[in-house]
A.B. asks: 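Okay, handing you the structure first.
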Amino acid sequence: MTISATRRTWLAVAAGAAIMSMALGSRQTFGLFISPLSYDHGLPVTLVAFAIALHNMVWGFAQPLAGAMTDRHGPAPVVAVGAGCYALGLAMTALAGNGLMLVLGMGVFIGVGISCTSFGVVMTAVGQSVAPERRSSAMGLVSAGGSLGQVLMLPLVQGVRASSGMSAALLMLAFLVLAVAPLGFLLGQGARPVQAATALRYSVREVVAQARAHRGYQLLTLGFFACGFQLAFIATHLPGYLELCHMPTGLAATALALIGLFNMAGSWACGWLGGRYRPQVVLGWLYLLRSTAIGLFFLAPKSPLSVGLFAAVMGLAWLGTVPLTTGLVARIFGTAHMGTLFGICFLSHQIGSFLGAWLGGWMLELTGSYSLLWGATFVVGIVAAVLHFPIDDRRAGTAVVQAS
């Protein structure tokens with residue numbers, strides 16, 4: 001690899017981290033808006049939770065298409081369109097005077113926008129830029145860098161919301177999301193030319209048929225459901241849960257920021273481990289760690305210390321699943337159609353996200369408690385670990401693995 005090619009690769013890694021930082025960092029603040037949207041704007045908690053849950057579902061269904069468009073046309077136009085949709089959704093949420101506007105903004109437009117500015121697009125571009133032996137580490141760096149937005153956005157949004165109101169905070173996020181749109185051009189600079197030629201050689205139908213026949217891919221897809229369920233429930237409902245536990249105001253924002261901070265180290269470490277050990281084994285232990293932390297936190301007395309320790313442990317295991325899952329897809333199928341294949345796998349993740357976010361709000365209104373959802377969050381992690389350990393990571397047939 002020449003020096004100029006190396007620079008292009010690192011530019012792609014840096015651009016990918018910046019795009020994901022803004023996209024995921026903004027999304028991570030949505031739990032802070034549940035109370036203002038409900039109590040100040042008169043919207044039911046279940047409707048707000050449904051809108052947040054819906055963007056996860058829309059994200060999941062849009063991700064295979066966004067990934068396929070990235071495989072075929074590169075990330076620049078996909079990121080630009082996605083940033084525009086994301087910003088529009090945030091603006092509509094800021095100005096929402098009724099439930100329909102909220103659902104369209106936060107549920108539909110943000111869902112489409114984030115599908116074009118997060119894992120399936122960014123990780124695909126980076127994976128196509130890096131040699132196989134460095135791929136897992138590079139994607140771990142992107143995922144770690146993407147966590148910086150969570151660390152920075154949560155206290156920023158909390159401060160703007162407290163001083164200027166919810167609408168001002170959401171409009172600020174819309175402006176920041178639009179600002180990263182041009183970085184899609186840098187993200188596409190590192191891709192190896194062989195990818196485009198190989199990607200055009202096989203239809204999406206052929207690629208999907210081969211993936212469906214691979215048992216390891218099936219188990220990976222099923223297990224990814226648990227990741228979405230756990231993360232969406234905690235990110236969306238931890239602020240409300242801590243309010244019910246009479247924890248200090250602002251502790252929820254601090255906890256979510258701590259998750260982002262420790263996720264920087266955890267994502268990098270998981271990427272590093274995925275390059276040295278079988279990714280499915282690392283994933284299995286990661287899900288066990290998550291479920292252990294969830295179970296202990298639910299049973300432990302609540303205090304700022306226990307909340308901080310829980311946030312730190314969850315942060316270490318937060319998005320480490322993404323470079324490992326993406327890397328495992330690339331190991332089995334190569335990178336030519338990685339956007340499409342990861343997108344299909346990610347749909348399972350987002351079905352879990354929808355249920356984790358929506359069921360939390362529904363269960364709170366039904367029972368006045370989150371207890372059943374904490375139990376469900378523990379159980380799905382154990383099931384995911386059991387599914388991941390036996391995954392067969394042998395190469396699929398030759399149809400989709402020629403560009404690896």
Side-chain angles (χ1 to χ4, degrees), residues 5 8-9 11-13 15-16 19-20 23 58-86 111-132 135 138-139 142 180-214 217 221 322 325-350 395-404:
R8 286 198 301 270
T9 296
L11 279 174
V13 170
I19 293 167
M20 289 229 306
V58 172
W59 178 7
F61 279 101
Q63 191 65 78
L65 178 60
M69 290 299 99
T70 304
D71 289 337
R72 184 167 292 268
H73 301 293
V78 180
V79 169
V81 170
C85 288
Y86 202 150
V112 172
I114 200 168
S115 74
C116 301
T117 53
S118 60
F119 310 119
V121 171
V122 173
M123 291 296 197
T124 293
V126 172
Q128 292 174 349
S129 303
V130 182
R135 186 175 295 137
M139 290 191 291
V142 172
V180 302
L183 295 180
F185 292 96
L186 292 177
L187 184 61
Q189 292 300 305
R192 291 178 286 170
V194 68
Q195 302 296 339
T198 306
L200 292 172
R201 198 175 300 165
Y202 306 101
S203 70
V204 172
R205 180 178 296 180
E206 291 172 321
V207 174
V208 172
Q210 190 169 37
R212 288 179 60 188
H214 195 284
Y217 182 79
T221 301
V322 175
T325 301
T326 314
L328 192 52
V329 170
R331 175 180 291 200
I332 296 171
F333 298 105
T335 61
H337 293 276
M338 190 165 69
T340 305
L341 291 169
F342 178 77
I344 295 169
C345 185
F346 193 70
L347 174 57
S348 173
H349 182 285
Q350 291 310 100
R395 286 282 201 172
T398 59
V400 295
V401 298
Q402 294 185 20
S404 60

A.B. asks: Mind checking the CD-OG1 spacing from Q63 to T70? Nearest 0.5 Å is all I need.
C.D. replies: 8.0 Å
A.B. asks: At what distance, to the nearest 0.5 angstrom, does CD1 of I344 lie from CZ of F346?
C.D. replies: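 Going from CD1 on I344 over to CZ on F346, the span is 13.5 Å.
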A.B. asks: Over all heavy atoms of both residues, which pair between F61 and L347 is shortest? Give the atoms and the distance, please.
C.D. replies: N-CD1, 3.6 Å
A.B. asks: Would you confirm whether T117, through its side chain, and G82, through its main-chain N or O, come within 3.5 Å as a donor-acceptor pair?
C.D. replies: no
A.B. asks: Taking all non-hydrogen atoms of both residues, which atom of V329 and which atom of F342 are closest, and how far apart?
C.D. replies: CG1-N, 4.4 Å
A.B. asks: Of the non-hydrogen atoms in S115 and A66, which two are nearest, and what is the gap between them?
C.D. replies: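 Heavy atoms only, the tightest pair is O-CB, 3.6 Å.
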A.B. asks: Which pair of non-hydrogen atoms, one from A181 and one from A80, has the smallest distance, and what is that distance?
C.D. replies: CB-CA, 4.3 Å
A.B. asks: So, for F185 and A76, which heavy atoms are closest and what is the spacing to 0.1 Å?
C.D. replies: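 Between these two residues, the closest heavy atoms are CD2-CB, 3.7 Å.
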A.B. asks: May I ask you to check whether H349 and F119 place their ring centers less than 6.0 Å from one another?
C.D. replies: no
A.B. asks: Taking all non-hydrogen atoms of both residues into account, name the closest pair between A15 and L186 and its distance.
C.D. replies: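 Scanning both residues, the minimum pair turns out to be CB-CB, 3.8 Å.
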A.B. asks: From L341 CG over to L328 CG, what is the distance, rounded to the nearest 0.5 angstrom?
C.D. replies: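 The CG atom of L328 is 11.5 Å from CG of L341, to the nearest 0.5 Å.
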A.B. asks: Using atom types as modelled and distance alone, determine if a side-chain donor or acceptor of S348 lies under 3.5 Å from a backbone N or O of C345.
C.D. replies: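 No, S348 side chain to C345 backbone: no donor-acceptor pair under 3.5 Å.
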A.B. asks: Going by heavy atoms in the side chains, are P77 and M69 under 4.5 Å from each other?
C.D. replies: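 They are not in side-chain contact.
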A.B. asks: Any heavy-atom pair between the side chains of V121 and V79 that's under 4.5 Å?
C.D. replies: yes
